[in-house]
Amino acid sequence: MRVDVVTIFPEYLAPLDLSLIGKAREDGLLDVRVHDLRDFTHDRHRTVDDTPYGGGAGMVMKPQPWAEALDHVLAQDNPSGAKPRLIVPGPGGQPFTQALARELAQEPWLAFACGRYEGIDERVYDHAREDLGLEVSVVSLGDYVLNGGEVAVLAMVEAVGRLVPGVIGNAESLVEESHEDGLLEYPIYTKPSSWNGREVPPVLLSGNHGAIADWRHAQRLARTAARRPDLLHASHGTDGSD
Ligand SMILES: CC(C)N1CCN(Cc2ccc(Cn3ccc4ccc(-c5n[nH]c(N)c5C#N)cc43)cc2)CC1
């Protein structure tokens, strides 16, 4: 999978050089390219924003740098003229969920546009859809306000990247994790079996794999009912009260 990120803070994406995503880049499973939006400006101050038409607080990101940046992304190493799916993080976007992460993990090429200030001139979205022929999705990390799209892109690239085959060495760990099948994950333990006067649940030491699986499923149901009854209703046809 190729991933392009356009931002005025390229250093914000440095964590994508680390850990599993960084290893996947080294292994050629992910091709992540970060582009500085200011490289597509032409004035001395490398201006990317201006005041909003109609008045209002804050600044709006100018359309021209974005159009030139998107042209560069589409042209770079792309002899076939393929097109990426464009993801624009925004507080008013569709929720970023595990289901959407799974959907995006099927895409061969994703491009992320990290806005700042009050956001990006609306004509950039129209240009991307109508002139560049891109599928554009505005996606929100959650119901809280960030200062820009970079944090969201870090989360999205990690959530999507880990679903790309080969990125997570043990594919088993992708099963039975929170939100993968509608239930939260079960409690986990490791050595020592007795620590600080606290014991590991004996069933986990029993070697009885059926009993262990039953205990873990019961724990997932209880934990989901306690913390996220909404998930129980959505995926298990109950109202979360039982
Ligand atoms: C003036 C007045 C009428 N405005 C009315 C609407 N307000 C909404 C507003 C608020 C903050 C920002 C800052 N910002 C810039 C680009 C950008 C990208 C993502 C996010 C973001 N925030 N929260 C998430 N879950 C996000 C995601 N994904 C925030 C971003 C942009 C937009 C802004 C103020």
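One-based numbering, in listed order, for ligands and for the atoms of each. Numbering of residues begins at 1 and proceeds along the displayed sequence.
- Neither the backbone nor the side chain of Asp143 has a heavy atom within less than 4.0 Å of ligand 1.
- Salt bridge annotation for Arg116-Glu150: present, with a cationic side-chain nitrogen under 4.0 angstrom from a carboxylate oxygen.
- Counted within 6.0 Å of CD1 on Ile188, heavy atoms from surrounding residues, nucleotides or ligands total 12 or fewer; the atom is thus considered open.
- Of all the heavy atoms of Ile120, none lies under 4.0 Å from any atom of ligand 1, so neither backbone nor side chain is involved.
- For ligand 1, the atoms lying closer than 4.0 Å to a non-hydrogen atom of Val145 are 10 (C), 11 (C), 22 (N), 23 (N).
- Atom 2 (C) of ligand 1 has its closest protein heavy atom at Glu118 OE1, 4.5 Å.
- Taking only nitrogen or oxygen atoms, main chain and side chain alike, Leu146 reaches within less than 3.5 Å of ligand 1.
- By the 30° and 60° cut-offs, the orientation of the rings of Trp215 relative to Tyr189 is tilted.
- Listed here is the closest heavy atom pair of Ala113 and Ile120: CB-CD1, 4.4 Å.
- Between Tyr144 and ligand 1, at least one N/O pair is under 3.5 Å apart.
- Looking at ligand 1, you'll find an N or O of Leu141 within less than 3.5 Å of one of its N or O atoms.
- In this structure, a donor-acceptor pair under 3.5 Å is absent between the side chains of Gln64 and His42.
- Using 4.0 Å as the threshold, Gly142 has a heavy atom nearer than that to some atom of ligand 1.
- Between the side chains of Trp109 and Asp4, at least one donor N or O sits under 3.5 Å from an acceptor N or O.
- Under the 4.0 Å distance rule, the nearest protein heavy atom to atom 5 (C) of ligand 1 falls outside the cut-off.
- Ligand 1 has at least one atom lying under 4.0 Å from a heavy atom of Ser140.
- In terms of protein heavy-atom proximity, atom 15 (C) of ligand 1 is nearest to Tyr117 O, 3.4 Å.
- The presence of a protein heavy atom under 4.0 Å from atom 19 (C) of ligand 1 is confirmed.
- Residue contacts with ligand 1 leave out Phe96, since none of its heavy atoms falls under 4.0 Å from the ligand.
- For atom 11 (C) of ligand 1, the nearest protein heavy atom lies under 4.0 Å away.
- Note on ligand 1: Val139 sits in its first shell, one or more heavy atoms being nearer than 4.0 Å.
- By the criterion of a heavy-atom distance under 4.0 Å, both the backbone and the side chain of Pro91 are placed next to ligand 1.
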